[in-house]
Amino acid sequence: MNAPAKIETTLKDWETDQEVRWCPGCGDYAILKAVQRTLPQLGVDPANTVFISGIGCSSRFPYYMESYGFHTIHGRAPALATGVKLANPELNIWLVTGDGDGLSIGGNHMMHVLRRNVDMQIMLFNNEIYGLTKGQYSPTSRVGTPSPSTPRGSVDAPANPCAFALGSGARFVARGFDVSKNLPDVLKAAHAHRGAAFIEIFQNCIVYNKDVFDDFAAPKGAEDRQLWLEDGKPMLFGSEKSGGVKGLALDTETLAFRVVDVPDGDWESAGVRVHNAKNRVTAHLLAELPFGPYPMALGVLYDDPAPTFSDSVIAEHEAASKGKEANLAKLLGTGQTWTVDGTAQDPV
Amino acid sequence: MASAAETNTRDEASNNSEAAPDAIVVRFAGDSGDGMQLTGGQFTLSTALAGNDLATFPDFPAEIRAPQGTLFGVSAFQINFGSREINTAGDAPDVLVAMNPAALKVNLPALKSGGLVIVDTGEFSKRNLDKAKYDANPLEDDTLAKYDVLAFDISELTIQAVEPFGLGKKDALRSKNMWTLGLALWMFDRPREPIHNWLKQKFAKKPDIADANIAALDAGHAYGETAELAGPRSGAMRQTNMPPVDSEPGLYRTITGAESISLGLVAGAQLAELPMFFGGYPITPASAILHHLARLKEYGVTTFQAEDEIAAICAAIGASYAGSLGVTSSSGPGIALKTEAMGLAIMTELPLVIVNSQRGGPSTGLPTKTEQSDLYQAVYGRNGDAPMPVIAARSPGDAFECAIEACRIAVKYMTPVMLLTDGYIANAAEPWKVPDPSSYEPFPATFLTEKNGETLLPYARDEKGARPWIKPGTPGLMHRIGGIEKAQGTGHIDYAPDNHQAMTDARKHKVLGVTVPEQEVSLGQKGGKLAVVGWGSTFGPIHQAVRRMRAKGCDVSHIHVRHIWPLPANLGDLLNSYERVLVPEMNTGQFKTVLRDQYLVDAEPLTKTSGQPFQIAELEDAIGKYFDGIEGNEGGQVPVNDQQLPNLSAGYDSGSSKDMD
């Protein structure tokens, strides 16, 4: 829900007097700055904005935002935020969670806040590790991740946050990473979407999982490894300098994308598909695109609004209350009643 | 017919069978598909309309549709009604209606000697007898020798009655319960019109079904009127007319605890001038509150069926944070899941009402039975020093007052409050004098709208120790709260030792400082030989047992505690005024422990954890031991009583909404 009147603020207006306590070099700093830089551009009112988080490094976020904030309990932020939104649908809610908070202990709530389509921006900081508890592997850690709890490497397959979100019925799914210059655009798109907007933000844990995203996030060679999606634009990556422009074409036989060369910028002849953010099927393909043979799909994978939970609840409320009088005295005396004769006042 | 459970012990009953009863206990029992709960409910309504006082207990299997005809599929509904004040659903039935062999097998041991059994012979086939594990037909041997028996083919009589409506046999037999209800209405001289009207309303879209049921009801009634109903021992069955009870004038209705809590919460939210947000998750027996509130949207009630118990309470906390009155409800296992979030509400000092409809046992335990074993959980059951006010309702009607009180404390003190009820209170019905909502003192919530200091102090405290309530959306008051320890005043994160000490003390003193009414003596006087101290739904049987023992000349008083935490300020002094203190509880002695701890009083437990409620006679026996001159036999555990109610379906006792003092 976006505040109707635009409010003028600066980045400074969104900073609190609290000392930021993330490790030096943590990707969270970059995300904090990106959010503080984006909110003034959105014209939102700090008094009408609520940051709600669970538990973990990422969940300290609300303390650093000069808005309303609620640092809740592990995994439960989506449930608590749902109550906030239903009690006051005018509030602009940003949920801050991590891969452990949002997909492990709070996976159930994440699924339901998405399928209900509760209007809020959900930022899931994915660092593929439990940071605050000192480095155990997380539900998004890659197989073989060594950690204090998996000294010989983890053996279980990781969850894919964007695929999870789509599977849960999310109507907006996007991806970015901490130091990306495109992150503010992704946040803006999420804010513009009415309903639950899920953003996976790859975040570098400098202490326990250092540079684990460098294979696609490092500046060098980024253009070959990052596919930034734009609705209505061909899905192109790479450059002439780096080894040629490439694109994603759809193989109708295998129902999978394949990478094709795009000589001379003629992407149409090369069969490159135009990204349609309303196409749920291609959103799934993009979310699950295996990195390595393919680039990392970033930006807005899917954006197709549907009625929001609070709007539906309000509509139902209005329909159910229409023409009805809220007379408590009458309600108490409802049903089959009888009177014992005497002088007592009849309350109805 | 034997006289009432409450005025006579079982032994006395058989000697007294000619006396005109001032109360009668009737139990309807049948297969869970036979509609016994509906029959009981409508009989209750006709009883209330006749002006009798009453208490009921519905007892049904945990299985939705247990295999037909089996012992564990038996569903029963017991009602105790009379021309005098009724506090319990009765120790043992005077009349048992058994719709099949299984219902007879399960419920017969409970029936008073000389009581009346009404059976449907049409159901006593070899197959059904086998399912009920009867080797021989109990209608043909001496199983029923000590009872009056009215045995006839209710199934066939029902089929005949509904024949004009052209229903198939299966559908026709669905009206059996209405035929039986018709007979019961005749037996107690009740009008049929209210039931006719109810049937027409219920089946408004299927007038044929309504007419068939009305025909069955009328046929049952006519059968009573015209047939010669002869029991083997007492001759012809007669009509019994129960005169109305002497009641305070006013408007009355029947109410169950679930309805009463729902209405009390709505009233509480109105008195606080707040919209209500109710977060719930399906669980027996608490779901009924969610169902009731879901239909009250025009009263500013938002109900949210969450994905789990944790989400239900977290959403309620979120709603309270945003300025609504957050409410959640569950039963023991669900309350356990909510525990961490309760700590969050305590830490963030937000109002919240948590209703716990207690059921039996740990884990899944006995989902449809009642127990009082969540008291430790309510008072002590959280990590850290996490104090929370706890209130316990004693009866369906009383739950209305308790719900309002819970809302009041939550809003005035910025704290979660737990309201304890139990499976019995949730489902049982009793007559309720409809209160006038304008007679309650409002307690409007206030929200901070501007800074309360040089800088904003979200954790500044008022004279009650409560912090300000600040709604997000309020300009200029942006601040952050959470589960991490807060600095006094500013609410910033603060792990300093002296701060945690001060905040722990502040939370403790705020809750201990909650104003609760002075403890009164429910029956008897301050001081003397023995106080029987109870809480929750044991009010009814304790009250009646104390009344009867006092009539026999024993110096015993009844103290009923509503405010479990904090306890009334004068309670310690009051308890110490008695030579002995007995605490009957449907648990292993939880409130007893609290009283011992708080007052160093030698409270003695009387416990019962068989899944059955206390009977009045059991409590009389226990009280009697303080007056029999034998040392050391007091208190202890009530032995399992298989005569009381079948092992398969434990029953309930109730209290009344009336002021007994």
Side-chain angles (χ1 to χ4, degrees), chain A residues 16 18 45-53 55 62-63 65-74 76 78-88 90-91 108-109 111-112 313 316-317 320-321 324-326 328-329 331-348, chain B residues 45 48-49 51 194 198 247-254 263 266-267 270 275 277 279 296-300 302 304 306-308 310-311 314-319 321-324 326 340-341 343-344 348 434-438 471-484 492-493:
Chain A
T16 63
Q18 298 297 294
D45 182 355
N48 209 46
T49 303
V50 192
F51 279 81
I52 301 176
S53 64
I55 292 292
Y63 292 111
M65 293 300 301
E66 187 54 45
S67 66
Y68 283 90
F70 202 145
H71 181 209
T72 72
I73 46 178
H74 207 10
R76 318 303 173 196
L80 194 134
T82 299
V84 174
K85 190 70 189 181
L86 286 179
N88 184 357
E90 300 306 313
L91 295 172
N108 187 35
H109 307 303
M111 171 175 124
H112 292 281
V313 168
E316 199 199 43
H317 240 270
S321 307
K324 287 191 189 166
E325 180 199 12
L328 183 60
L331 176 67
L332 298 183
T334 302
Q336 281 171 296
T337 57
W338 66 99
T339 306
V340 173
D341 292 336
T343 53
Q345 285 280 313
D346 187 322
V348 178
Chain B
L45 179 69
L49 293 175
W198 170 75
S247 301
E248 222 182 296
L251 182 74
Y252 284 78
R253 64 178 280 191
T254 57
L263 294 173
V266 171
Q270 287 205 349
F277 178 94
L296 298 178
K297 293 190 168 59
E298 67 269 30
Y299 291 86
T302 300
F304 172 58
E307 58 270 25
D308 61 23
I310 298 169
C314 286
I317 293 171
Y321 170 65
S324 291
E340 187 196 9
L344 180 66
T348 51
V434 176
D436 175 1
S438 67
K471 274 192 280 197
T474 311
L477 300 187
M478 288 83 77
H479 67 286
R480 278 61 58 190
I481 61 170
I484 296 188
H492 294 322
I493 294 177

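In what follows, every heavy atom counts, from backbone to side chain, and hydrogens, waters and symmetry copies are set aside. Chain naming here is simple, since letters A, B, ... match the order of the sequence lines and numbering starts at 1 in each.
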Heavy-atom contact with chain A under 4.5 Å, split by part of B/L45: side chain

Chain A contacts, top residue of B/G343, B/P475, B/A311 (heavy-atom pairs, under 4.5 Å): B/A311

A/M111 versus chain B, the contacting section by heavy-atom distance below 4.5 Å: neither

B/Y252 vs A/V340, side chain to side chain contact (heavy atoms under 4.5 Å, CB included): CA-CA, chis, key distance, verdict: CA-CA 7 Å; B/Y252 284 78; A/V340 173; 3.5 Å; yes

Residue pair A/H71 / B/R480, side-chain heavy-atom distance below 4.5 Å: no

Results of salt bridge (charged side-chain N to carboxylate O under 4.0 Å, His left out) for B/E340 - residues two or more places apart only: none

Contact class of B/A267 relative to chain A, heavy atoms under 4.5 angstrom: both

B/R253 side-chain N/O to A/L332 backbone N/O, donor-acceptor pair under 3.5 Å: yes

Min side-chain heavy-atom separation A/W338-B/T254 under 4.5 Å: yes

Contacting region of A/L328 [heavy-atom separation from chain B under 4.5 Å]: both

Interchain contact, B/L477 with chain A, by part (heavy-atom threshold 4.5 Å): both

Sub-4.5 Å side-chain heavy-atom contact between B/F277 and A/L86: yes

Spacing of B/Y299 atom OH and A/K324 atom NZ [to the nearest 0.5 Å]: 9.0 Å

Separation of A/Y68 OH from B/T474 OG1 (nearest 0.5 Å): 4.0 Å

Closest-packed option against chain B by number of heavy-atom pairs under 4.5 Å, given A/V313, A/L331, A/T82, A/N108: A/L331

Heavy-atom pair with the smallest gap, counting every atom of A/T337 and B/L49: O-CD2, 3.8 Å

Heavy-atom contact with chain A under 4.5 Å, split by part of B/P275: neither

For B/I493, side-chain contact (heavy atoms from CB on, under 4.5 Å) partners two or more places apart: A/R60, A/Y63, B/I484, B/Y495

Side-chain touch B/K471/A/N88, heavy atoms, less than 4.5 angstrom: no

Note, A/H112 side chain near B/D308 side chain (heavy atom, < 4.5 Å): no

Spacing of A/I73 atom CD1 and B/C314 atom SG [to the nearest 0.5 Å]: 4.0 Å

Side chain proximity check, A/E316 to B/K297, heavy atoms < 4.5 angstrom: yes

Beyond-backbone contact of B/E307 with A/H109, side-chain heavy atoms, under 4.5 angstrom: yes

Minimum side-chain heavy-atom gap A/V50-B/Y321 below 4.5 Å: yes

Minimum heavy-atom distance A/A87-B/S324, with the two atoms named: CB-OG, 3.6 Å

Spacing of CD belonging to A/E66 relative to NE2 belonging to B/H479, to within rounding of 0.5 Å: 11.0 Å

Greatest number of heavy atom pairs closer than 4.5 Å to chain A - which of B/P472, B/G473, B/A322: B/P472

